[in-house]
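Just below is one structure, and these are the notes that go with it.
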Amino acid sequence: MIDILRNRRSIRKYVPESLDKKLMDFIAEALLRSPSSRNINPWEFILVDDLAILKKLSRAKAHGSNFLENAPLGIVVCGDETKSDVWVEDCSIASIIAQLQSHSLGLGSCWIQIRNRHHNSEISAEKYIQNLLKIPSHLRVESIIAIGIPDEKKQPLSKEKLDYGKLHKNLY
Ligand SMILES: Cc1cc2nc3c(=O)[nH]c(=O)nc-3n(C[C@H](O)[C@H](O)[C@H](O)COP(=O)(O)O)c2cc1C
């Protein structure tokens, strides 16, 4: 696990190839194995590999989502706010698990923040996606995880750059 954590970076450039079904199955299984508060599993995951839909999803925000246009897979992570008051935490954990599982399979991924972000001055990124994918409004959209075969190399963060000052012992 520490090797995965040491080497994972956000990857935003992907080889234009679809993903092997076996790899997709591993990621899907990992998502469904995520822990959730009170084991409610308030999430719904929309696995998007339709390139036309990915292109539309990549326009969800003015910045920070355009690279999804060139990804072979985007996982739209939604949480049912009527089922759990901590759907944000649950969906965040599922999102990072999808990223770590992808990395362990040799894939690259990047989180695209949707909750609390704007599409334009009139509608939220969340509403734009709910309209596009016909998602009911009680299913809140937390993130999209873009996944693909990496087409860029990034250096791992060196241990010296870690901010050990963020760690506190017993008292702050
Ligand atoms: C909650 C969260 C939201 C993020 N939102 C975006 C985003 O909308 N677009 C993007 O390109 N990257 C996004 N990222 C990726 C971060 O920019 C990235 O993780 C951070 O810069 C550290 O780089 P690294 O992942 O390569 O270590 C997000 C990451 C997190 C955890």
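Throughout, numbering of the chain's residues begins at 1 and tracks the sequence.
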- Item | Donor-acceptor contact below 3.5 Å, side chain Gln130 vs main chain Leu139 | yes

- Is the backbone of Cys78 close enough, under 3.5 Å, to the side chain of Glu44 for a donor and an acceptor to pair up by distance? no

Only pairs under 3.5 Å count here: list side-chain donor-acceptor contacts from residues 159-172, not counting sequence neighbours, and write none if there are none.
unit_1 : atom_1 : unit_2 : atom_2 : d
Asp163 : OD1    : Gly165 : N      : 3.1
His168 : ND1    : Tyr172 : O      : 3.4
His168 : NE2    : Lys166 : O      : 3.3

- Task: Please list all pairs passing the ring pair (Phe, Tyr, Trp, His ring centres under 6.0 Å) test where one or both residues lie in residues 133-162, with sequence neighbours left out.
- Result: none

- Message: Are Ile129 and Trp43 linked, directly or through intermediate hydrophobic residues, by side-chain heavy-atom contacts shorter than 4.5 Å (ILVMFWY only)?
- Response: no

- Examine the side chains of Ser37 and Asp90 and answer whether a donor and an acceptor come within less than 3.5 Å of each other. no

- Query: Do Leu54 and Ser58 touch side chain to side chain, with heavy atoms closer than 4.5 Å?
  - Reply: no

- Item | Which atom of Leu51 lies closest to which atom of Ala71, heavy atoms considered | CD2-O, 4.2 Å

- Among Ser109, Ser143, Ser104, which one satisfies side chain to side chain donor-acceptor pair (under 3.5 Å) with Gln99? Ser109

- Query: With sequence neighbours excluded, what pairs up with Asp49 under the salt bridge (charged side-chain N to carboxylate O under 4.0 Å, His left out) test?
  - Reply: none

- Query: Can you tell if the side chain of Ser65 reaches within under 4.5 Å of the side chain of Gln113, non-hydrogen atoms only?
  - Reply: no

- Task: Output, in order, the C-alpha distance, side-chain angles, deciding distance and verdict of side chain to side chain contact (heavy atoms under 4.5 Å, CB included) for Ile40 and Val86.
- Result: CA-CA 10 Å; Ile40 289 174; Val86 291; over 6 Å; no

- Item | Summary of salt bridge (charged side-chain N to carboxylate O under 4.0 Å, His left out) pairs that have at least one residue in residues 97-120, sequence neighbours excluded | Arg115-Glu142

May I have the list of side-chain donor-acceptor pairs in residues 2-17 shorter than 3.5 Å, sequence neighbours left out?
unit_1 : atom_1 : unit_2 : atom_2 : d
Asn7   : ND2    : Asp3   : O      : 2.9
Arg9   : NH1    : Gln155 : O      : 2.7
Tyr14  : OH     : Ile11  : O      : 2.5

- Decide yes or no for Tyr128 and Lys61: does some side-chain heavy atom of the first lie under 4.5 Å from some side-chain heavy atom of the second? no

- Query: Is any side-chain heavy atom of Ile27 closer than 4.5 Å to a side-chain heavy atom of Leu107?
  - Reply: yes

- Query: Same cluster or not: are Leu133 and Phe45 linked, directly or through other Ile, Leu, Val, Met, Phe, Trp or Tyr residues, by side-chain heavy atoms under 4.5 angstrom apart?
  - Reply: no

- Where the side chain of His118 meets the backbone of Ser124, is there a donor-acceptor pair that is under 3.5 Å apart? no

- Message: Is it the case that the side chain of Ser36 and the backbone of Asn41 share a donor-acceptor pair, with hydrogens and angles ignored and the cut-off at 3.5 Å?
- Response: yes

- Quick one: ring pair (Phe, Tyr, Trp, His ring centres under 6.0 Å) pairs with a partner in residues 57-115, sequence neighbours left out? none

